[in-house]
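Right, one structure below, let's go through it.
Atoms considered below: every heavy atom in the structure, side chains included; atoms not considered: hydrogens, waters and symmetry mates.
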Amino acid sequence: MTTVTTGITTTDQARRADLETPSSRQLARADARTAHNYHPLPVVVEHAEGAWMTDLEGARYLDLLAGYSALNFGHGHPTLLRAAHEQLDRLTLTSRAFVHDQFADFCGALGDLCGKDLVLPMNTGAEAVETAIKVARKWGYEVKGVAPDAAEIIVMSGNFHGRTTTIVGFSDDPEARDGFGPFTPGFRTVTYGDLAALQAAITPATVAVLLEPIQGESGVVIPPLGYLSGVRELCTRHGVLLAADEIQAGLGRTGRTFACDHEGVVPDLYVLGKALGGGIVPVSAVVADRDVLGVLRPGQHGSTFGGNPLACAVGRTVVEMLSTGEHQARARDLGEVLRERLDAMLGRGVVGVRTRGLWAGVDVDPRVGTGREVCERLMERGVLAKDTHGSTIRLAPPLVIAEDDLLWGLDQLADLVGA
Ligand SMILES: *Cc1c(COP(=O)(O)O)cnc(C)c1O
């Protein structure tokens, strides 16, 4: 077997040169036997609770990534665990060939949370995005009257909607896209945040605008105020569906249930995932009114695992937890703390800060180091975060994080960048 050393950091090597530890053994084994489509920080997590993770040697780390918002309620939330355990013992999978007793409650609760008629459950975020694309196209042909195979969907520069071939085909990130063509036609890219560009791109064949109300992967990029409501207005005026990918931004992260709520915008399709599975199982969904989702008939779309009993039991509990508004309020309150602390680092090792609720993109001064280097040094101090695009660090702590823990984590960052 050849030894692959590409993408291995000095920290990895230092770890591996260490005397054999349970973690170093796991890291070496993982390295040898897995595709290198990720470059994880060299930490091997063994258990976790709330905002804290513990590695094989018993060292504790504050989780400031929360599974890219999949862990909005933290690790092992007792309410979610209870729902999962109860369902595990009773019924886990039927396929959609039969109906199970968790299905109607989940779909009803999620539909109510979104203020929409119908729910189409899937598993991963990318599948939900694919579902929204199919629904928008079908709607375009059957309702809007677009000529066969002519439908166009407008997407945004800097987008991230997942990793399937269709989705990476309309990404403008060379890393996500290069080497995976040929791609699905029917997508047009406009500059995110530019209403005039969007207006100019709309044609009679446009069936949908697909956007993230805040771009997560891009580095928590927040469009100018008035943009989302402007997009809503353009879509309504031109008979175009607005599909909001709230997979990372939605479900409490920004201090509201949905990021679109900040501008009072209601999309035609909500595309949800990540936190919907409570950090336990993959659960995603497209939520829309009957005049849109109603275009799908039996046999035209599906998923073996989509809407399974375990997913529905956990997903319904997530929706119940969000319906009190408690987690959204916490994201707002802690978000103030986050913003204040990060703003204080501006000009002192940090050159840019964007926050909305308990979510931040932090541009570190390149003289301090790359985002990856900063995350490695944070790890050494017991804080786990993730870099994105060069020198940006994304912070998305679990919404249940204790304020003191958040402050401690931010102190580590401040200290490290020299603020
Ligand atoms: C993570 C993410 C996806 C893809 O979700 P997966 O579950 O990884 O397929 C899609 N859109 C956005 C905005 C995301 O953050």
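- Checked against side chain to side chain donor-acceptor pair (under 3.5 Å), R290 has no partners two or more places apart in sequence or in another chain.
- Contact of the V353 side chain with the M345 side chain is not registered, since no non-hydrogen atoms from C-beta on lie closer than 4.5 Å.
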Fill in: Test side-chain contact (heavy atoms from CB on, under 4.5 Å) applied to D31 and H36, step by step
CA-CA 8 Å; D31 209 51; H36 285 193; 3.7 Å; yes

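- No donor-acceptor contact under 3.5 angstrom links the side chains of Q328 and R256, judged on distance only.
- Side chains of H389 and S218: no donor on one and acceptor on the other come within 3.5 Å.
- Inter-residue side-chain proximity for L93 and S95 is flagged as unmet; no heavy-atom pair is nearer than 4.5 Å.
- Taking each heavy atom of V207 and W139 in turn, the nearest pair found is O-CZ3, 3.7 Å.
- Residues V287 and L269 are not in side-chain contact: their nearest non-hydrogen atoms beyond the backbone lie 4.5 Å or more apart.
- Closest of all the heavy-atom pairs between V240 and V209 is CG1-N, 3.7 Å.
- Side-chain contact between T92 and P309 is absent, with no heavy-atom pair separated by less than 4.5 Å.
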Discussion item. Pair S171, N159 - check side chain to side chain donor-acceptor pair (under 3.5 Å), show working.
Written reply: CA-CA 6 Å; S171 165; N159 72 69; 4.8 Å; no

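- By the 30° and 60° cut-offs, the orientation of the rings of H327 relative to H77 is perpendicular.
- Side-chain atoms of K144 come within 3.5 Å of backbone atoms of G239 as a donor-acceptor pair (strictly under, hydrogens ignored).
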Discussion item. Using side chain to side chain donor-acceptor pair (under 3.5 Å), reason through D363 and T392 one step at a time and then give a plain yes or no.
Written reply: CA-CA 4 Å; D363 303 327; T392 298; 2.7 Å; yes

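- Remark: E86 does not engage R82 in a salt bridge, criterion side-chain N to carboxylate O under 4.0 Å.
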Worksheet item: Should R354 and Q215 be marked as a side chain to side chain donor-acceptor pair (under 3.5 Å) after you check the CA-CA gap, both sets of side-chain angles, and the distance that decides it?
Response: CA-CA 11 Å; R354 299 167 296 282; Q215 293 186 329; over 6 Å; no

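- L342 CG to L413 CG: the interatomic distance, rounded to the nearest 0.5 Å, is 7.0 Å.
- Judged as a salt bridge (charged side-chain N to carboxylate O under 4.0 Å, His left out), the pairs with a partner in residues 177-200 (not counting sequence neighbours) are, in order, E152-R188.
- Of all heavy-atom pairs between T388 and G219, the closest is CG2-CA, 3.9 Å.
- Atom CE of M156 and atom OG1 of T189 lie 9.0 Å apart (nearest 0.5 Å).
- Residues Y270 and F258 place their aromatic rings such that the two centres sit under 6.0 Å apart.
- A donor and an acceptor atom, one from each side chain of T206 and H238, are nowhere located under 3.5 Å apart.
- I401 and A51 get closest at one heavy-atom pair: CG1-CB, 3.8 Å.
- At least one donor-acceptor pair under 3.5 Å links the side chain of R253 to the backbone N or O of L358.
- Put simply, NE2 on H47 and CG on L56 are 10.0 Å apart, with the number rounded to the nearest 0.5 Å.
- I153 is listed as a side-chain neighbour of I133, based on a closest heavy-atom distance under 4.5 Å.
- With 3.5 Å as the limit, one finds no donor-acceptor pair spanning the side chains of D387 and T370.
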Discussion item. Does I214 form a side-chain contact (heavy atoms from CB on, under 4.5 Å) with V220? I'd like the steps, not just the answer.
Written reply: CA-CA 6 Å; I214 293 174; V220 191; 4.1 Å; yes

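- For the salt bridge (charged side-chain N to carboxylate O under 4.0 Å, His left out) condition, no pair includes a residue of residues 397-408, sequence neighbours left out.
- Side-chain atoms of K134 come within 3.5 Å of backbone N or O of Q300 as a donor-acceptor pair.
- Applying the salt bridge (charged side-chain N to carboxylate O under 4.0 Å, His left out) definition to pairs two or more places apart or across chains, those involving residues 314-323 are R316-E320.
- T54 and E46 share no donor-acceptor pair across their side chains, judged by distance under 3.5 Å alone.
- When atom types are taken as modelled, the side chain of R163 and the backbone of A176 share no donor-acceptor pair closer than 3.5 angstrom.
- Looking at E127 and S284, their side chains never bring a donor and an acceptor atom within 3.5 Å of each other.
- Taking N308 as the reference, nothing meets the side chain to side chain donor-acceptor pair (under 3.5 Å) condition, with sequence neighbours excluded.
- In this structure the side chain of V417 never reaches within 4.5 angstrom of the side chain of R348, judged on heavy atoms.
- A distance-only check finds a donor-acceptor pair linking the side chain of R232 to the backbone of V266 [under 3.5 Å].
- Using a 4.0 Å cut-off between charged nitrogen and carboxylate oxygen, R381 and D415 count as a salt-bridge pair.
- Remark: Y227 OH is packed, more than 12 non-hydrogen atoms of other residues, nucleotides or ligands lying under 6.0 Å away.
- E130 places no side-chain N or O within donor-acceptor distance of the main-chain N or O of T164, the cut-off being under 3.5 Å.
- Nearest heavy atom pair, residue Y61 against residue V383, reads CD2-N, 4.4 Å.
- A donor-acceptor pair is defined here as one N or O able to donate and one able to accept, closer than 3.5 Å; no such pair exists between the side chain of T257 and the backbone of G252.
- Applying the side chain to side chain donor-acceptor pair (under 3.5 Å) criterion to R137, with sequence neighbours excluded, gives no partner residue.
- Counting only heavy atoms from C-beta outward, the side chains of L322 and L113 approach each other to under 4.5 Å.
- Here the side chain of H100 pairs no donor or acceptor atom with the backbone of T94 at under 3.5 angstrom.
- Atoms OG1 and CD1, on T184 and I167 in that order, are 9.5 Å from each other to the nearest 0.5 Å.
- Pairing each heavy atom of L234 with each of L195, the nearest pair is CD1-O, 3.8 Å.
- Expressed to the nearest 0.5 Å, how far CG of L120 lies from CG of L110 amounts to 11.0 Å.
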Practice prompt. Could you give me the CA-CA distance, side-chain angles and deciding distance for V283 and F106, then say whether side-chain contact (heavy atoms from CB on, under 4.5 Å) is met?
Written response: CA-CA 11 Å; V283 186; F106 168 62; 4.0 Å; yes

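- Here the CG atom belonging to L228 is positioned 8.0 Å from the CG atom belonging to L242, to the nearest 0.5 angstrom.
- Annotation: side chain of M53 is not in contact with side chain of R60 (no heavy-atom distance under 4.5 Å).
- For Y141 (side chain) and A151 (main-chain N/O), a donor-acceptor pair under 3.5 Å exists by modelled atom type.
- Side-chain atoms of E336 never come within 3.5 Å of backbone atoms of E340 as a donor-acceptor pair (strictly under, hydrogens ignored).
- Residue R237 places its CZ atom among more than 12 non-hydrogen atoms of other residues, nucleotides or ligands, all under 6.0 Å distant.
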Worksheet entry | Verdict with reasoning, L406 to L334, per side-chain contact (heavy atoms from CB on, under 4.5 Å) | CA-CA 8 Å; L406 176 64; L334 289 180; 4.2 Å; yes

